[in-house]
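Order of the sequence lines fixes the chain letters, A, B, ..., with proteins taken first and strands second; residue numbering starts at 1 for each chain. Everything numeric here is computed off the predicted structure, so don't read it as measured data.
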Amino acid sequence: MTNDRRHIVSMKDFTRDEIDFILERAVTLETLARSGRSDILTGKILALLFYEPSTRTRMSFETAMLRLGGSVLNLGSKEASSIVKGETLADTIRVISTYSDAIVLRHPSEGSARMAAEFASVPIINGGDGAGHHPTQTLLDLYTIKKESHLDNLDIAIVGDLKYGRTVHSLAYALSLYGANITFVSPHQLKMPEQIKGDLKAMGARVSETENLDEVLDSVDVLYITRIQKERFPDPTEYNKVVGAYKITGEHFDSVREDMIIMHPLPRVYEIDSSVDNSPHARYFEQSFYGVPIRMALLTIVLGVDV
Amino acid sequence: MIPGKELRVHPIRDGTVIDHINAGQAMNVLKILGITGSSSAVISVAMNVSSQDIKYKDIVKIEDRELEDKEVDKISLISPNATINIIRDFGVADKHRVELPEMVESMVKCSNPNCISNTNEPVTSKFEVKKDPIRLRCIYCEHVIEENIAEHLI
Ligand SMILES: Nc1ncnc2c1ncn2[C@@H]1O[C@H](COP(=O)(O)OP(=O)(O)OP(=O)(O)O)[C@@H](O)[C@H]1O
Ligand SMILES: [Mg+2]
Ligand SMILES: [Zn+2]
C-alpha cells in the first residue's frame with residue numbers, strides 16, 4: 001500500500017496504516033541516515049522552496065536527499081522572496097515543478113501546501129505552512145516515540161502552548177489514531193481548544209487536562225514539552241510566572257517512570273534546563289536526528305521508489 | 001392551497017416561498033438573494049411565526065423569481081430545514097427541502113486571515129460541510145466555521 005501517495009500536506013490525510021508504513025520505511029533507512037550514501041534516489045532532484053527561515057527542517061531534508069544519492073535545489077528565503085517577487089505561489093510552483101522531481105515548501109500562509117499540491121505536477125511535501133501544519137515534524141515525533149518508547153498504550157503529557165501550537169494539534173490527532181492516553185498540561189490561557197478535544201475523543205483518544213505539571217509527571221511514558229511564546233502574554237510578569245511553572249529541571253525526576261522520555265521539537269528557550277540534557281530521560285536531540293530517516297522515508301514514498 | 005391557513009400576507013401568483021427558515025435568519029436569506037432596500041422585487045417577510053414542526057420560523061416570499069442552485073445551497077448553510085416552494089398560478093407547483101452540499105465553493109470566506117484562500121492566489125474558497133451541527137472546514141487551512149455562518153457568506 002501507500003507507495004502511491006503523492007503529496008504530504010496534513011496529518012489528517014493519513015490513516016494509521018499509512019503512518020505505520022512510513023515509520024517502518026524509516027526503520028529500514030535509519031542506518032543509512034546515520035552515515036554513508038546510497039543510490040536509491042540517484043538522478044532525482046528535490047527543490048527546497050523556503051519562504052521563511054528554517055534550519056532543522058531544511059537541513060534535514062537536504063541530508064536525507066544526499067544520503068539517498070539525490071540532489072538538492074536549494075532556494076533559501078532570500079532568493080525565494082526576490083526571484084518570485086510579485087509572482088503568485090501557484091505560478092512559482094508550476095515553474096519549479098518543471099525543474100525538480102519533488103518540492104518541499106515552507107510558506108507563511110496556512111493552507112499554502114494544499115494549494116501548491118493543486119498546481120504542482122510533482123509531489124509537494126509541506127515543510128510548514130504558517131501556523132498550520134508541519135506533518136514531517138509530527139511523523140518524526142511519532143517515530144521518536146516508537147523507537148524510544150512505544151506507540152501502543154501510550155501515556156503522554158503534552159505541555160506548553162496548546163492553544164496556538166498547531167503542530168501540537170496534529171501530534172495529538174495522530175496519537176489518537178493509536179488510542180493514546182493524552183494529558184494536556186498548560187496554563188489556562190493556552191488550553192487546548194474544546195473543539196479539538198472533542199475531535200480527539202471521538203477518534204479514540206483518552207483525553208484529560210490539568211494546569212499542574214506535577215500531577216502527571218509520575219504517570220507518563222512521554223513528556224512532550226513545547227515552547228510558550230512571549231507574544232501570547234500581554235503582561236510580561238504573567239509570562240515569567242507561567243514559564244517558571246512549566247520549566248523542566250533535574251528536580252522533577254525523583255519518582256518518574258524509569259523509562260520516561262522527554263521530547264521537545266526544538267529550538268528550546270527556557271522550557272528545559274540544560275542540566276536535563278545528560279539525564280537518561282532526555283531524548284530531544286535523538287528526536288531531531290530522527291527527522292532524517294523520516295524525511296528519507298517520505299522522499300522514497302512520494303517518489304515511488306521501493307527500498 | 002387554501003388561502004388563509006398560514007397566509008399572513010397576500011397570496012402571490014408566481015414566485016417562490018422559502019418556508020421553515022430558522023427563526024432570526026430571514027434577513028440573512030434576503031442578503032443571500034441580494035435583496036436590499038433598493039431592490040424592486042416584491043417581497044414579503046414573516047418572522048417568528050409559530051409552526052407545528054419548528055417552534056418559531058421565518059418565511060420569505062418573493063414574487064416572479066425562482067432561486068439559483070447556489071442561492072439554495074447558501075440558504076441550506078444557515079437554515080438546513082428550509083423548504084423551497086415554487087408557486088405557479090397561486091398554487092404550490094413544486095416543493096423541496098434544501099439539501100446541505102458536501103462541499104461548498106466560492107460561497108464562504110475563510111475566517112482565518114492568514115489562509116491562502118484570502119490572498120491574491122488564483123484559488124477560491126472551498127469548505128467541507130459537516131452536519132449536526134453544521135461545521136464548515138476550510139480545505140486549505142482546515143479552519144472551522146461553526147458559528148454565525150451567515151457572516152461569512154460571500
Ligand atoms: N399563492 C401563495 N402565495 C403566497 N404564499 C403561498 C402561496 N401558496 C402557498 N404559500 C405558502 O407556501 C408555503 C407552503 O405551502 P403549503 O400549502 O405546501 O403549506 P404546508 O402544507 O404547510 O407545507 P409544509 O408541509 O412544507 O409546511 C406555506 O408557507 C404557504 O403559506
Ligand atoms: Mg407548513
Ligand atoms: Zn482557510
Trainee: By a 4.5 Å heavy-atom criterion (distance strictly below it), what part of N114(B) contacts chain A: side chain, backbone, both, or neither?
Mentor: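 Both parts, backbone and side chain.
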Trainee: Just checking heavy atoms, which of residues 130-150 of chain B are less than 4.5 Å from chain A?
Mentor: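 Listed by number, the contacting residues are R135(B), R137(B), I139(B), Y140(B), C141(B), E142(B), V144(B), E146(B).
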Trainee: Please say whether more than 12 non-hydrogen atoms of neighbouring residues, nucleotides or ligands are located less than 6.0 Å from NZ in K230(A).
Mentor: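 Open: at most 12 neighbouring heavy atoms sit under 6.0 Å from NZ of K230(A).
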Trainee: Where along residues 173-197 of chain A does a heavy atom come under 4.5 Å of chain B, listed by residue number?
Mentor: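 Against chain B, the residues of residues 173-197 of chain A that fall inside the cut-off (heavy atoms, under 4.5 Å) are Q195(A).
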Trainee: A quick test of your reading: do over 12 heavy atoms of other residues, nucleotides or ligands sit less than 6.0 Å from CE of M203(A)?
Mentor: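 Check passes, neighbour count above 12.
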Trainee: For chain B, which residues from residues 95-116 of chain A have at least one heavy atom closer than 4.5 Å to it?
Mentor: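 Contacts with chain B: H107(A), P108(A), S109(A), E110(A), G111(A), S112(A), R114(A), M115(A).
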Trainee: With a 4.5 angstrom heavy-atom cut-off, which part of N126(A) approaches chain B: side chain, backbone, both or neither?
Mentor: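 When you check distances to chain B, no heavy atom of N126(A) falls under 4.5 Å.
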Trainee: Output the residues of residues 115-126 of chain B for which the shortest heavy-atom distance to chain A is under 4.5 Å, in residue-number order; output 'none' if no such residue exists.
Mentor: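 C115(B), I116(B), T119(B), N120(B), E121(B), P122(B), V123(B), K126(B), listed by number.
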Trainee: When you look at CG of D89(B), are more than 12 heavy atoms from neighbouring residues, nucleotides or ligands closer to it than 6.0 Å?
Mentor: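 Buried by this count: over 12 neighbours within 6.0 Å.
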